[in-house]
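Everything below concerns the one structure shown next.
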Amino acid sequence: MKDQRFWDDLYGSREQLFSGNPNGVLVTEVSSLPAGHALDVGCGEGGDVRWLVEHGWRVTAVDISQVALDRAAEAVGDDDVRWIRVDLGTAPPAAGAYDLVSLQYFPLVRDDGHRALRGLLASVAPGGTLLVGAHDMADLAAHHEGAGHGEGVGHGEEPAREKPDFDLDSIYQPHEIAALLDDDWEIVVHETRARTAPAPEGTQHVRDIVLRARRLR
């Protein structure tokens with residue numbers, strides 16, 4: 001598990017780690033939803049937060065990195081956004097509090113009993129939406145074979161440059177999350193699709209896997 005020091009050092013190593021643009025999965029899937037209270041998981045430098053605020057959402061933005069949060073708060077410049085430094089593996093969000101819980105390329109590491117994931121699922125309010133955007137592992141595998149390391153796993157936003165190495169086998173994939181949804185959920189979208197923007201320089205990430213589910217009760 002990458003800890004706060006790892007992420008603080010990574011963000012601190014350059015002036016801008018991510019593109020600053022909102023993730024295409026978020027824009028595509030959320031544009032038609034009524035605005036409410038959103039939880040942006042692994043908010044990074046705030047590209048998704050800015051888009052959500054501009055479209056009428058109240059946002060709670062969480063990240064393990066204080067460097068990322070400080071940078072995002074400065075970039076977004078909205079006093080109504082709640083910026084929270086938290087390790088979701090040890091401190092789950094409030095239950096039933098959010099109309100949208102968004103995980104965009106967030107490397108959520110599996111744990112015994114799925115504690116962190118179940119905490120995120122529980123934070124979605126009845127009638128609310130869980131939205132997961134992830135890399136198609138086939139793209140990552142192709143790059144892994146050619147470059148010798150995992151590529152493309154971000155922390156909140158789609159990275160604009162090279163990414164940290166991850167044990168991809170330890171991170172939840174959308175189909176695993178979908179399998180844990182019970183009768184309280186309706187899966188609205190679960191598919192692989194082409195990216196809405198060109199792949200970041202130096203990557204072969206051309207497809208996303210999208211999971212969108214609505215909590216019924």
Side-chain angles (χ1 to χ4, degrees), residues 22-44 46-64 80-137 153-158 171-193 196 208-217:
N23 283 297
V25 169
L26 179 84
V27 174
T28 298
E29 297 298 326
V30 176
S31 291
S32 62
L33 297 180
H37 191 182
L39 177 67
D40 185 7
V41 180
C43 67
D48 285 355
V49 176
R50 180 187 296 106
W51 185 91
L52 288 164
V53 168
E54 289 173 350
H55 288 79
W57 289 81
R58 293 179 294 116
V59 182
T60 296
V62 300
D63 204 287
I64 196 172
D80 292 330
V81 177
R82 294 182 64 209
W83 305 97
I84 301 176
R85 197 203 72 76
V86 66
D87 180 350
L88 293 170
T90 59
Y98 301 101
D99 304 296
L100 170 67
V101 173
S102 175
L103 294 83
Q104 301 303 308
Y105 312 108
F106 181 74
L108 183 64
V109 178
R110 298 187 196 93
D111 61 81
D112 294 339
H114 311 294
R115 181 175 181 269
L117 176 56
R118 292 192 186 281
L120 288 171
L121 297 180
S123 72
V124 181
T129 294
L130 171 73
L131 180 62
V132 180
H135 302 275
D136 184 348
M137 295 298 289
V153 181
H155 191 239
E157 302 167 52
E158 173 65 17
I171 296 170
Y172 285 103
Q173 300 304 316
H175 72 273
E176 296 173 293
I177 298 175
L180 290 172
L181 301 180
D182 57 22
D183 291 341
D184 289 343
W185 293 86
E186 174 192 15
I187 294 178
V188 180
V189 176
H190 188 194
E191 65 183 27
T192 301
R193 64 174 67 148
T196 60
D208 289 317
I209 299 178
V210 181
L211 172 64
R212 174 180 161 193
R214 185 168 68 93
R215 187 171 184 180
L216 302 176
R217 53 188 176 272

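Predicted model, so just to flag it, every value in this text is computed and none were measured. Heavy-atom basis, side chains included; hydrogens, waters and symmetry copies ignored.
Looking only at side-chain heavy atoms (C-beta outward), Asp99 and Trp57 come within less than 4.5 Å of each other. Two residues are said to be in side-chain contact when any heavy atoms from C-beta on lie closer than 4.5 Å; Tyr98 and Val124 fail this criterion. Side-chain contact between Val41 and Leu39: present, with at least one pair of heavy atoms (C-beta onward) separated by less than 4.5 Å. By the 4.5 Å heavy-atom criterion applied to side chains, Val86 and Leu88 are counted as neighbours. Leu120 places a side-chain heavy atom less than 4.5 Å from the side chain of Pro93. In this structure, Leu103 and Val101 have side chains that are in contact, with non-hydrogen atoms separated by less than 4.5 Å. At least one side-chain heavy atom of Val81 sits less than 4.5 Å from a side-chain heavy atom of Trp83. Counting heavy atoms from C-beta on, the side chains of Leu117 and Leu180 come closer than 4.5 Å.
More than 12 heavy atoms of other residues, nucleotides or ligands lie within 6.0 Å of CZ in Arg193, so this atom counts as buried by the packing criterion. Other residues, nucleotides and ligands contribute at most 12 non-hydrogen atoms within 6.0 Å of the CG atom of Asp183.
Not one N or O on the side chain of Arg215 forms a donor-acceptor pair closer than 3.5 Å with the backbone of Ala125.
Here Arg217 pairs with Asp184 in a salt bridge; the nearest charged N to carboxylate O distance falls below 4.0 Å.
When the salt bridge (charged side-chain N to carboxylate O under 4.0 Å, His left out) test is applied to Glu186, the partners found at least two apart in sequence or on another chain are Arg214.
Between the side chains of His37 and Thr60, at least one donor-acceptor pair of N or O atoms lies under 3.5 Å.
Minimum interatomic distance between Ala116 and Asp111 (heavy atoms only, all atoms of both residues): N-OD2, 3.2 Å.
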